[in-house]
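When a ligand or atom number is given, it counts from 1 through the structure's own listing order. Since the structure is predicted, the reported quantities are computational estimates derived from the model, not experimental observations.
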Amino acid sequence: MTAYDYDLFVIGGGSGGVRSARLAASMGRRVAIAEEYRFGGTCVIRGCVPKKLFVYASQFHEHFEDAAGYGWTVGESRFDWPTLIAAKDKEIARLEGLYRRGLENAGAELLDTRAVLTGPHEIRLLKTEKTVTAETIIIATGGTANPHASLPGHELCITSNEAFHIEELPKSILIAGGGYIAVEFANIFHGLGVDTTLIYRGKEILSRFDIDMRQGLHKAMVDKGIRIVLTDVIEEVTKSPAGGLTARTKAGATIAADQVMLALGRDPNTVGLGLETAGVAVDHRGAVVVDAYSRTNVPHIFALGDVTDRVQLTPVAIHEAMCFIETVYKNNPTAPDHDLIATAVFSQPEIGTVGLSEEEASAKFDEIEVYRAEFRPMKATLSGRAEKMIMKLIVNAADRKVVGAHILGHDAGEMAQLLGVSLKAGVTKDDFDRTMAVHPTAAEELVTMYKPSYRVKGGERIA
Ligand code: FAD
């Protein structure tokens with residue numbers, strides 16, 4: 001028994017915080033976890049989960065259209081936004097309840113309050129004005145949507161937070177940003193019948209993804225009717241006399257829309273957290289600086305998840321939490337492994353990806369082989385939908401290892417999860433070649449691309 005109120009105090013009840021608190025409590029540690037908004041955090045309450053529900057909602061329009069080619073006559077269809085919001089809210093409340101119960105059952109104390117550090121071992125609970133102490137502290141406060149405060153009229157805009165609660169579905173929306181959140185919401189709103197424009201300062205959307213995925217998705221989105229404006233930014237947003245908003249861009253365009261959504265990145269959530277008081281160092285972006293074991297410069301204070309600005313994804317925050325438990329409570333120092341993280345963009349079509357893009361691989365290795373297939377998926381034949389699937393394997397010519405796998409098309413996220421296992425196991429192209437295909441599937445293309453489409457040597461495409 002220590003002299004502290006708790007063995008472990010976790011600030012933030014999101015993906016990383018909940019997992020670490022629950023596991024530590026289930027091991028008999030005296031654990032408290034503070035959450036200022038809703039347990040479950042960004043992912044459950046206003047991130048991955050409600051977003052994916054919205055993605056499903058936005059796909060039905062195409063399903064109804066596609067059905068005709070298969071002989072179905074679908075009656076008149078109508079979408080009701082309040083019904084979707086109510087159903088989504090009910091599901092999120094259910095999940096929040098599960099998170100709360102999981103913590104309670106493990107024996108953790110749930111504190112519905114903002115918590116700030118007031119000393120190296122001291123935490124102030126703002127709701128009760130009580131101060132408590134803990135031997136070990138985890139900062140798992142996540143990130144916040146960048147409000148772009150320097151943009152005149154930013155207060156008229158929404159971020160992803162509000163997008164989940166808009167009272168009325170807008171007729172038109174302008175989304176600023178080229179990252180996965182911007183792209184996913186552009187597809188969601190378009191699928192729900194909203195006139196959608198995406199504006200991004202870069203030359204192509206999704207800057208860190210493979211170029212074929214970026215260009216392929218761009219084309220698919222434009223073909224659907226989403227407007228994409230590149231190399232331009234919004235400089236001012238004002239209210240239009242006729243109602244709605246008007247955005248003026250740097251290139252001189254004027255874009256009118258009912259809503260303007262800013263999806264311009266996420267900042268580590270450390271403002272006002274008392275980190276200076278506790279002596280915890282942050283970097284230039286305000287992210288908590290940690291070592292390989294998620295330990296801050298104050299040895300008994302750890303930080304994990306988005307607040308550390310390593311890889312901002314839910315499974316990563318959870319993995320870091322589990323590594324914390326191994327390191328601190330199981331005497332088994334375990335550094336989170338951030339290599340080869342499979343991930344998806346839930347655009348329409350989806351992107352699933354793991355490993356290096358062609359550009360990254362060609363910069364890293366002397367010679368790479370690129371296996372690329374572009375084809376019309378079987379389902380699109382009878383539906384008549386003009387859509388293409390792209391699959392790409394990047395292989396290091398020196399040892400035949402598959403160093404990147406990228407898919408654009410239906411269920412790409414599901415496929416990426418399984419490819420993630422293979423690449424993590426160090427699979428070679430020869431392993432792909434001797435794997436029997438599952439027929440008829442789209443994924444079989446991955447094991448039937450026997451000849452490289454081209455090679456890249458010294459950064460130059462050679463054949
Ligand atoms: P969070 O889940 O953000 O939790 C932090 C919690 O701390 C919050 O609940 C916050 O209220 C609380 N908090 C903050 N400060 C305090 C304080 N001082 N006191 C008490 N509580 C505090 N990731 C994926 O892997 N796949 C996806 O498809 C995906 N989609 C996303 C879509 C959107 C729109 C967004 C915004 C994010 C998405 N993410 C996705 C990212 C994912 O949500 C985050 O990576 C993940 O939630 C990070 O977990 P975390 O524990 O670090 O922080």
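- Close contacts of ligand 1 with Asp306, meaning ligand atoms under 4.0 Å from a residue heavy atom, involve 44 (C), 45 (O), 46 (C), 48 (C), 52 (O).
- Ligand 1 lies within reach of Thr113, whose nearest heavy atom is under 4.0 Å from it.
- Only the side chain of Ala317 comes within 4.0 Å of ligand 1, counting heavy atoms alone; its backbone N, CA, C and O stay farther away.
- Using a cut-off of 4.0 Å between Lys/Arg side-chain N and Asp/Glu carboxylate O, Glu320 and Arg19 are scored as not salt-bridged.
- Closest to atom 1 (P) of ligand 1 among all protein heavy atoms lies Thr42 OG1, 3.5 Å.
- Closest heavy-atom approach to atom 14 (C) of ligand 1 within the set Thr343, Leu117, Asn269: this belongs to Asn269.
- Looking at Lys250 and Asp232, no side-chain N of the basic residue comes within less than 4.0 Å of a carboxylate O on the acidic one, giving no salt bridge.
- Ligand 1 lies out of reach of Phe39, whose nearest heavy atom is not under 4.0 Å from it.
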Q | Test salt bridge (charged side-chain N to carboxylate O under 4.0 Å, His left out) applied to Arg214 and Glu204, step by step | A | CA-CA 7 Å; Arg214 300 167 69 189; Glu204 187 53 279; 5.8 Å; no
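- The shortest separation from a heavy atom of Glu184 to ligand 1 is not under 4.0 Å, leaving the residue out of contact.
- Distances below 4.0 Å separate heavy atoms of Arg266 from the following atoms of ligand 1: 36 (C).
- Using modelled atom types, one side-chain atom of Glu162 and one backbone atom of Thr159 make a donor-acceptor pair closer than 3.5 Å.
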Q: Would you please test Glu326 and Asn332 for side-chain hydrogen bond (donor to acceptor under 3.5 Å, both in side chains) and show each step?
A: CA-CA 5 Å; Glu326 289 292 324; Asn332 175 30; 2.7 Å; yes
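- Within the 4.0 Å heavy-atom cutoff, Ile181 counts among the residues contacting ligand 1.
- For Asp5 and Lys130, the salt-bridge test fails: no basic side-chain N is under 4.0 Å from an acidic carboxylate O.
- Here the protein heavy atom with the shortest distance to atom 21 (N) of ligand 1 is Glu36 N, 3.1 Å.
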